[in-house]
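Notes to accompany the following structure.
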Amino acid sequence: MRKILLPILIITGTLLIIARLFYLQILDDSYIKKSDNNAIKIKYEYPERGYIFDRNGKLMVANQPAYDIMVTPNDIKELDTLALCELLKIDTVYFNERIKKAKVYSPRLPSIFLPSLSKKEFAAFQEKIRRFKGFDIVKRSLRDYQVHVGANIFGYIAQVNDAIIKKDHYYKSGDLIGKQGVEQMYEEILRGQKGVKYFQKDRYGREIGSFKEGKYDTLAIPGRDITLNIDAALQEYGEKILFEKRGGIVAIEPKTGEILALVTAPNYDPALLVGRDRSKNYTMLFRDSIAKPLYDRGLMAEYPPGSPFKILTGLAALQEEVVDENSVFVCHHGFSYGRGAFMKCHDSGANRLHEAIYKSCNTYFGNAFRLTIDKYKNPNTGIDVWANHMKSFGLGNFMGYDLPTGRKGHIPDSKYYKRYYPNGGWRSSTVISLAIGQGEISTTPIQLANMVATVANHGYYYTPHIVKEIKGEKIDQAFTKRHTTTIDQQYFDPIVAGMFDVYNLGTASHLRVQGIDICGKTGTAENFTKINGVRTQLTDHSIFVAFAPKDDPKIALAVFVENGYWGAKWAGPIASLMIEKYLKGEAVTQKAKEEWIMTHGLTEEYAKVTSGLPFKINQGGHH
C-alpha cells in the first residue's frame, strides 16, 4: 500500500492542477478581463449624468460633451513629443509631469493626460491621433448650467483623487465625481453606470477585435433625473436681493418641509467650476477668505438668533404654565435682575404676551424665562426642561436634511454649564440673555426657518429637504415623517396672533404687503469678532423670520444680513419681498423698495472689518 500511495498523491495532484488550468483557460474567461492583463484592452463608456429640474419643471442643470485625452504609458511607441505638445498647446514640463503621474497610477492602465478639450481641439487631435500611440480620447459629459444661480445647492463636478479611487473601485483615474451640494449627496443616482468594452490585442499590442465577440461588454446606463423642491425664480430673486450683502435666506414650505430657496451671499456662477478652468477658478474662490463665496451661510453660519428666539421663550413659558396670555410685566426701558444687572429695552409700560411679541419687549421675556427656570428646585433641572423644549423645534442638532454640509448650532443645557460652574453657583439670572436669543445660543438660518415653519404649523415640522422627486424612485421616508414639538397646540394661537401684529402694530408695521397676511418677528443680534487679537463689537446682524399667509401658510423663511444694523432695516424688507415674490409672482406693491434693496449693499460696512475703522454700535433700531 505504501508503495502506491506516493504515485497516487502525485497523479491526484497533477489531475487537480490540470483541471484547474482547464477551467481557467477554457471554461472561465473572467480572469482575462482583469485590468492588468496585457492581452486585453478595456475601454469605458461614460454615461450622461442625470438632469436637475426645479419644482416647476424648469431645467436647471443639463450636460455638454467634453473630451479627455487619456494616456497608457506602456503603449507609447516612437512618440514625437514636440509635435504632440505643439498640437495640444502644452509645454514639455506639463507633458513630463502627466506621464510621470500616469506611470505612478499604472503603466498598463489609461489615466488622464489632458482634460476637457473643446470640440475644435478634439477635432484637431482626432485627425492625427494615429501618430501618437498610447494616447486615446474618452468622451464624457460636463455640466451645462441653464441658470446662473444656486451654485451652493448644486455643488460641482471634479476629477477623483487617489484617495477616492482606493476607497471606491468604481472610479478610475480621470473619472468625475460630485462634490458638495446635490451632486455629492445624490452622486450614485446622478452618475449612472459606466459601460465597458473588452478588446483583444495581439503580441504587438494592436487591437484585433472584440474579446469573445462582446460577451462581457456592457452598455452605459444614464444617470437618473432629479427634481428639486427649489423654486428657480425665487432662488434667483433671493440672490439678486442680497446684492453686495453677506448673509442667507432659507425659505420652506411649512406643510411639507420642502426647501423653496436656499440663498447664500456672496455666491458665484456655477459655470465657473466647469471645464479646464475649474481648478483655477476654485482656487480663486477658495482663497477669498473675506467674502467666502464657497461658504454656505444658509447651512453653515451660526449666529445668535436674537429676538425671534423670544417666540420660543414665550411658548416654553406657556407650556410650563408660569405665564398665560394675560400675565403682565411692567417694563421701564429694561429688566433688572441679579445684583444690579440691567437688560436694556427700547419699550416701556405694562405688557401682556401679545404686546410683548409685537413690541419685542425684553422685560417680558426676561421674566418669562426666569420663571420657567425657577419653577424647578434647581437651575440644572430647569435649564434641561427648557433645552428639551428648544431642541424639539430642531435646534441644537443637525437637521438631517439631504445636503452634505451643515452645523448643529448650540442650545446649552446643564452639562454645558457644569463645565463652567463645576461647583454650582449659577441661576436663571446668570443666563438671562438666553431669553432674548443671545448668550450661549447659536442657530443656523435653516434652523430658524424650520423653527418658524413649525410655529406656522402650530407645533410640528417635516425635516427640510432639497429633493422633491427622483425619477423611478420615492424620496426618503425620513422626509415624510412628522416631528411634533413638546409644546401643546393651543399655546401657538396667542404667539401667532402676536406675530401677525408685528406687521400691523409693531416693529415691522412699515413692511406690510397689500393682500397678504404675514406673521413675522424682527431680530437684532450682537456681533463680536477678534481684530488684531482684541474682542471687538461690530455692527449688529439684521434678522427676520416670517410666514404667510397667516391662516394657510405656504412659505416660511428666515433672513440673516451680516452687519445689517437692526431687523427691520435689511432683513425685514427682504423677507416681505421674498414672500410677495413667491405668492404673487412678483413684488407688485413694493417696486420702489425692491429697486433700492437690489442696488444698495453693505460693502463699506464690511470694509471696516479689514480696515480697522470704527463701527457704529446700537443704532437705535427695533429689536
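A distance of 8.0 Å separates CD1 of I153 from CD1 of I259, quoted to the nearest 0.5 Å. Distance CG/D296 to OG1/T405: 7.0 Å, rounded to 0.5 Å. Rounded to the nearest 0.5 angstrom, M60 CE and T227 OG1 are separated by 11.0 Å. Expressed to the nearest 0.5 Å, how far CD1 of I432 lies from CZ of F369 amounts to 6.0 Å. I189 contributes atom CD1, which lies 11.5 Å from atom CG of D225 (distance to the nearest 0.5 angstrom). Here the CG atom belonging to L511 is positioned 12.0 Å from the CD atom belonging to E580, to the nearest 0.5 angstrom.
A donor-acceptor pair under 3.5 Å links the side-chain atoms of D54 to the main chain of A232, judged by distance alone. Remark: the backbone N or O of S542 is not paired with any side-chain donor or acceptor of E562 at under 3.5 angstrom. Side chain of S576 to backbone of P573: no donor-acceptor contact under 3.5 angstrom is found. Although no hydrogens or angles enter the test, the distance criterion places a donor-acceptor pair under 3.5 Å between the side chain of E239 and the main chain of G150. In this structure, K245 contributes its side chain and H600 its backbone to a donor-acceptor pair below 3.5 Å. The main-chain N or O of D144 is found under 3.5 Å from a side-chain atom of Q146 such that the two form a donor-acceptor pair. The backbone N or O of G178 lies less than 3.5 Å from a partner atom in the side chain of E187, making a donor-acceptor pair. Under a 3.5 Å cut-off, the side chain of S360 and the backbone N or O of I357 do not form any donor-acceptor pair. Remark: side-chain polar atoms of N161 are paired, donor with acceptor, to backbone N or O of I164 under 3.5 angstrom. Side chain of D476 to main chain of F479: no donor-acceptor pair is present (N/O by atom type, distance under 3.5 Å, no hydrogens or angles).
Minimum interatomic distance between I446 and M399 (heavy atoms only, all atoms of both residues): CG2-CG, 4.4 Å. Taking each heavy atom of P404 and M185 in turn, the nearest pair found is N-SD, 3.9 Å. Of all heavy-atom pairs between S173 and I112, the closest is OG-N, 3.6 Å. Nearest heavy atom pair, residue V561 against residue Y606, reads CG1-OH, 4.3 Å. Smallest separation of non-hydrogen atoms from G382 and I373: O-CD1, 3.6 Å. Closest approach of A508 to T522, counting heavy atoms only: CB-CG2, 4.3 Å.
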Show your reasoning for whether salt bridge (charged side-chain N to carboxylate O under 4.0 Å, His left out) applies to K391 and D413. CA-CA 11 Å; K391 290 177 181 178; D413 56 16; 3.7 Å; yes

For the pair L273 and L285, evaluate side chain to side chain contact (heavy atoms under 4.5 Å, CB included) and give the outcome as yes or no after the intermediate values. CA-CA 10 Å; L273 299 186; L285 295 169; 4.2 Å; yes

Taking it one step at a time, do I252 and I555 satisfy side chain to side chain contact (heavy atoms under 4.5 Å, CB included)? CA-CA 6 Å; I252 295 173; I555 181 173; over 6 Å; no

So R224 and E473, salt bridge (charged side-chain N to carboxylate O under 4.0 Å, His left out) or not? Walk me through it. CA-CA 9 Å; R224 282 179 284 167; E473 184 177 320; 2.8 Å; yes

Going through the checks in order, is the side chain to side chain contact (heavy atoms under 4.5 Å, CB included) test met by E594 and M598? CA-CA 6 Å; E594 176 188 65; M598 284 188 175; 4.1 Å; yes

Applying side chain to side chain donor-acceptor pair (under 3.5 Å), run through T524 and D540 and close with a yes or a no. CA-CA 6 Å; T524 304; D540 294 338; 5.6 Å; no

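T486 is not listed as a side-chain neighbour of Q319, based on a closest heavy-atom distance of 4.5 Å or more. No side-chain heavy atom of I516 sits under 4.5 Å from any side-chain heavy atom of K550. A 4.5 Å side-chain heavy-atom check between R246 and I290 finds at least one atom pair inside the cut-off. For the pair Y51/V61, no side-chain contact is recorded, criterion being any heavy-atom separation below 4.5 Å from C-beta on. In this structure, the side chains of I241 and I249 come closer than 4.5 Å at one or more pairs of heavy atoms. A 4.5 Å side-chain heavy-atom check between F393 and N450 finds every atom pair outside the cut-off. With a 4.5 Å cut-off on side-chain heavy atoms, L262 and L403 count as touching. Between Y460 and T454 there is no side-chain heavy-atom pair separated by less than 4.5 Å.
Residue pairs meeting the ring pair (Phe, Tyr, Trp, His ring centres under 6.0 Å) criterion with at least one member in residues 280-312, sequence neighbours excluded: Y156-Y282, Y303-H541, Y303-F560. Within the structure, side chain to side chain donor-acceptor pair (under 3.5 Å) pairs that include any residue of residues 251-262 comprise R55-E258, E253-T256, K255-D552, E258-K468 (at least two apart or interchain).
The local environment of CD in Q64 is crowded, with over 12 non-hydrogen atoms from other residues, nucleotides or ligands closer than 6.0 Å. Within a 6.0 Å sphere centred on CZ of R287, other residues, nucleotides and ligands contribute 12 heavy atoms or fewer.
Residues passing the side-chain hydrogen bond (donor to acceptor under 3.5 Å, both in side chains) test with T485: none are found, sequence neighbours excluded. In this view, K240 and E236 satisfy the salt bridge (charged side-chain N to carboxylate O under 4.0 Å, His left out) rule, not counting sequence neighbours. With sequence neighbours left out, P412 forms a side chain to side chain contact (heavy atoms under 4.5 Å, CB included) with W386, H410, Y416, Y417, L434, E440, I441. Residues passing the salt bridge (charged side-chain N to carboxylate O under 4.0 Å, His left out) test with E586, sequence neighbours excluded: K591.
Using a cut-off of 4.0 Å between Lys/Arg side-chain N and Asp/Glu carboxylate O, K408 and E302 are scored as not salt-bridged. A salt bridge is defined here as a Lys NZ or Arg NE, NH1 or NH2 lying under 4.0 Å from an Asp or Glu carboxylate O, and E183 with R143 meets this definition. Using a cutoff of 4.0 Å between basic side-chain nitrogens and carboxylate oxygens, D175 and R140 are scored as salt-bridged.
Side-chain contact, T463 with K481: no donor N or O sits under 3.5 Å from an acceptor N or O. Looking at D269 and H148, their side chains do bring a donor and an acceptor atom within 3.5 Å of each other. No side-chain donor from either of Y462 and N457 sits under 3.5 Å from a side-chain acceptor of the other. Remark: the K415 side chain and the N380 side chain contain no N/O donor-acceptor pair separated by less than 3.5 Å. Using modelled atom types, one finds no donor on one side chain facing an acceptor on the other under 3.5 Å when comparing S141 with E48. T264 and N152 share no side-chain donor-acceptor pair at under 3.5 Å. There is no side-chain donor-acceptor pair under 3.5 Å between K310 and T313.
Not less than 6.0 angstrom separates the ring centroid of Y503 from the ring centroid of Y358.
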